[in-house]
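Worksheet: one structure, shown below.
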Amino acid sequence: MPSPPQIPTLPSLYAAARLTPVPRPLFPPSPSINAKISLHQGSIVSVSTAAIVNAANTSLLGGGGVDGAIHSAAGPGLQRECAALHGCPTGSAKITGAHNLPCQKVIHAVGPNYHRLGHAEAEEALRGCYRRSLELAAENACRSVAFSAISTGIYGYPAAEAAKVALGTTREFLGGPDGAKLDRVVFVLFESKDVEAYRDAVPLFFPPAETQ
Ligand code: AR6
């Protein structure tokens with residue numbers, strides 16, 4: 001089961017030419033922040049970061065997609081704990097224990113249903129999911145956190161647009177006052193459309209330093 005030390009970070013992906021720099025990035029290069037970011041292809045249920053982020057719904061009672069995979073790997077105790085939280089609004093997140101999963105905490109983020117909301121409203125809600133999840137990880141002393149690609153499955157958010165929201169919100173958080181509370185943020189990519197979206201968007205938000 002992959003733990004953060006085994007998952008490569010951006011400097012080694014740039015060094016291996018698996019990421020291509022872009023001429024006009026949106027943020028300045030930061031070698032220390034780049035060393036906190038990983039891309040990992042696989043299932044989030046076997047990732048042993050301190051926290052993993054689920055793509056839940058407002059009931060927090062489980063569902064299909066990654067939510068179903070997390071609940072079945074965690075066992076029924078997770079649903080009992082979630083039931084006591086009385087749901088969560090779209091654009092926010094709540095935290096529970098991890099039960100039978102190899103992580104320590106599960107953050108349940110409720111992404112926007114892109115089929116139902118306008119683009120601007122959906123983007124604001126997706127940004128809220130990433131921001132609140134990062135805050136919850138920091139508040140709960142979870143120094144490493146792995147995200148699923150919230151809203152990009154059943155909820156229909158376009159993968160390229162969602163990757164930009166995820167990466168931009170994370171770049172702002174890591175460059176902000178609470179950024180030092182996190183050592184690693186892993187983006188777990190399950191489908192090849194998400195792998196491509198992140199490969200294209202990462203250099204915009206996390207450009208390589210000259211020396212990388
Ligand atoms: N590990 C990592 N990512 C996964 C896994 C996995 N095991 N399985 C799927 N994904 P989705 P949403 C990816 O549909 O769009 C549920 O019923 C998947 O490829 O799980 O936010 C909830 O209860 C996609 O990139 O979540 C809600 O009702 C990403 O996870 C609704 O679906 C998110 O896809 C939420 O829809």
Side-chain angles (χ1 to χ4, degrees), residues 1-4 7 38-76 78-83 85-96 98-103 105-117 119 121-133 144-167 169-170 184-202:
M1 74 192 55
S3 65
I7 303 178
S38 294
L39 306 180
H40 173 71
Q41 194 168 6
S43 175
I44 202 165
V45 301
S46 53
V47 173
S48 55
T49 43
I52 65 169
V53 182
N54 182 17
N57 59 55
T58 53
S59 78
L60 298 185
L61 295 177
V66 68
D67 198 9
I70 286 174
H71 274 273
S72 67
L78 181 61
Q79 210 203 23
R80 283 196 290 274
E81 191 181 352
C82 283
L85 298 175
H86 305 295
C88 177
T90 298
S92 192
K94 290 190 177 178
I95 191 164
T96 66
H99 300 268
N100 297 334
L101 290 162
C103 54
K105 297 280 186 188
V106 180
I107 295 169
H108 305 267
V110 182
N113 186 333
Y114 198 83
H115 305 298
R116 295 207 189 135
L117 296 180
H119 178 80
E121 204 181 336
E123 184 178 317
E124 195 43 45
L126 191 60
R127 207 171 286 286
C129 286
Y130 281 95
R131 199 166 37 228
R132 186 68 195 127
S133 297
S144 58
V145 56
F147 279 98
S148 54
I150 301 165
S151 283
T152 65
I154 293 162
Y155 279 175
Y157 207 116
E161 295 302 315
K164 287 180 191 156
V165 173
L167 293 165
T169 310
T170 301
R184 187 70 73 92
V185 178
V186 180
F187 295 98
V188 180
L189 311 171
F190 198 62
E191 295 177 50
S192 50
K193 71 173 169 58
D194 296 307
V195 174
E196 283 159 28
Y198 276 75
R199 275 199 195 135
D200 288 346
V202 160

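The figures that follow rest on heavy atoms only: side chains count, while hydrogens, waters and symmetry mates do not. In listed order, ligands and their atoms are each counted from 1.
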Nearest non-hydrogen protein atom, [atom]:
{"atom": "atom 24 (C) of ligand 1", "result": "T152 OG1, 3.4 Å"}
{"atom": "atom 33 (C) of ligand 1", "result": "A149 O, 3.2 Å"}
{"atom": "atom 28 (O) of ligand 1", "result": "N57 ND2, 3.2 Å"}
{"atom": "atom 14 (O) of ligand 1", "result": "I154 N, 2.8 Å"}
{"atom": "atom 20 (O) of ligand 1", "result": "V66 N, 2.8 Å"}
{"atom": "atom 26 (O) of ligand 1", "result": "A55 CB, 3.6 Å"}
{"atom": "atom 7 (N) of ligand 1", "result": "S43 OG, 2.9 Å"}
{"atom": "atom 19 (O) of ligand 1", "result": "E191 OE2, 2.4 Å"}

Inset, instruction - Decide, yes or no, whether a salt bridge links K164 with E123 under the criterion of side-chain N to carboxylate O below 4.0 Å. - result: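 Result for this pair is no, no salt bridge flagged.
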
Inset, instruction - Would you please indicate if the ring centroids of Y155 and Y114 are separated by under 6.0 Å? - result: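 Between Y114 and Y155, which both carry aromatic rings, the centre distance is not below 6.0 Å.
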
Inset, instruction - Please check if any side-chain donor atom of H119 sits under 3.5 Å from a side-chain acceptor atom of E161, or the reverse. - result: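 H119 vs E161: no donor-acceptor pair found between side chains.
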
Legend entry - Side-chain donor-acceptor pair present, R184, T49, cut-off under 3.5 Å: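 Side-chain D/A pair, R184 to T49: absent.
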
Inset, instruction - May I ask you to test the V185-F147 pair for a side-chain heavy-atom distance under 4.5 Å? - result: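 In short, these two side chains touch, coming nearer than 4.5 Å.
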
Inset, instruction - May I ask you to test the L101-I70 pair for a side-chain heavy-atom distance under 4.5 Å? - result: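 In short, these two side chains touch, coming nearer than 4.5 Å.
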
Inset, instruction - Using heavy-atom distances, let me know which of S151, G68, S46, A73 sits nearest atom 21 (O) of ligand 1. - result: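 When every heavy atom of S151, G68, S46, A73 is considered, S151 comes closest to atom 21 (O) of ligand 1.
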
Inset, instruction - Identify which of G64, A109, A159, A146 has a heavy atom lying nearest to atom 16 (C) of ligand 1. - result: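 Nearest heavy atom to atom 16 (C) of ligand 1 lies in G64.
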
Is there a donor-acceptor contact under 3.5 Å from the side chain of [X] to the main chain of [Y]?
{"X": "K94", "Y": "G87", "result": "yes"}
{"X": "N54", "Y": "A109", "result": "no"}
{"X": "T152", "Y": "A149", "result": "yes"}
{"X": "S148", "Y": "V53", "result": "yes"}

Looking only at N/O atoms, are [X] and ligand 1 under 3.5 Å apart anywhere?
{"X": "I44", "result": "yes"}
{"X": "S148", "result": "no"}
{"X": "G65", "result": "no"}
{"X": "F190", "result": "no"}
{"X": "G153", "result": "yes"}

With heavy-atom distances below 4.0 Å as the criterion, list the atoms of ligand 1 near [X].
{"X": "G63", "result": "17 (O), 23 (O)"}
{"X": "A69", "result": "7 (N)"}
{"X": "D67", "result": "22 (C), 23 (O)"}

Inset, instruction - Return the orientation label for the H108 and H71 ring planes: parallel under 30°, perpendicular over 60°, tilted otherwise. - result: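 The arrangement is tilted - the two ring planes meet at 30° to 60°.
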
Legend entry - Close approach of D194 to ligand 1, heavy atoms, under 4.0 angstrom: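 Under 4.0 Å: yes for D194.
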
Inset, instruction - Could you please spell out the steps behind the side-chain contact (heavy atoms from CB on, under 4.5 Å) verdict for Q79 and L61? - result: CA-CA 6 Å; Q79 210 203 23; L61 295 177; 4.0 Å; yes

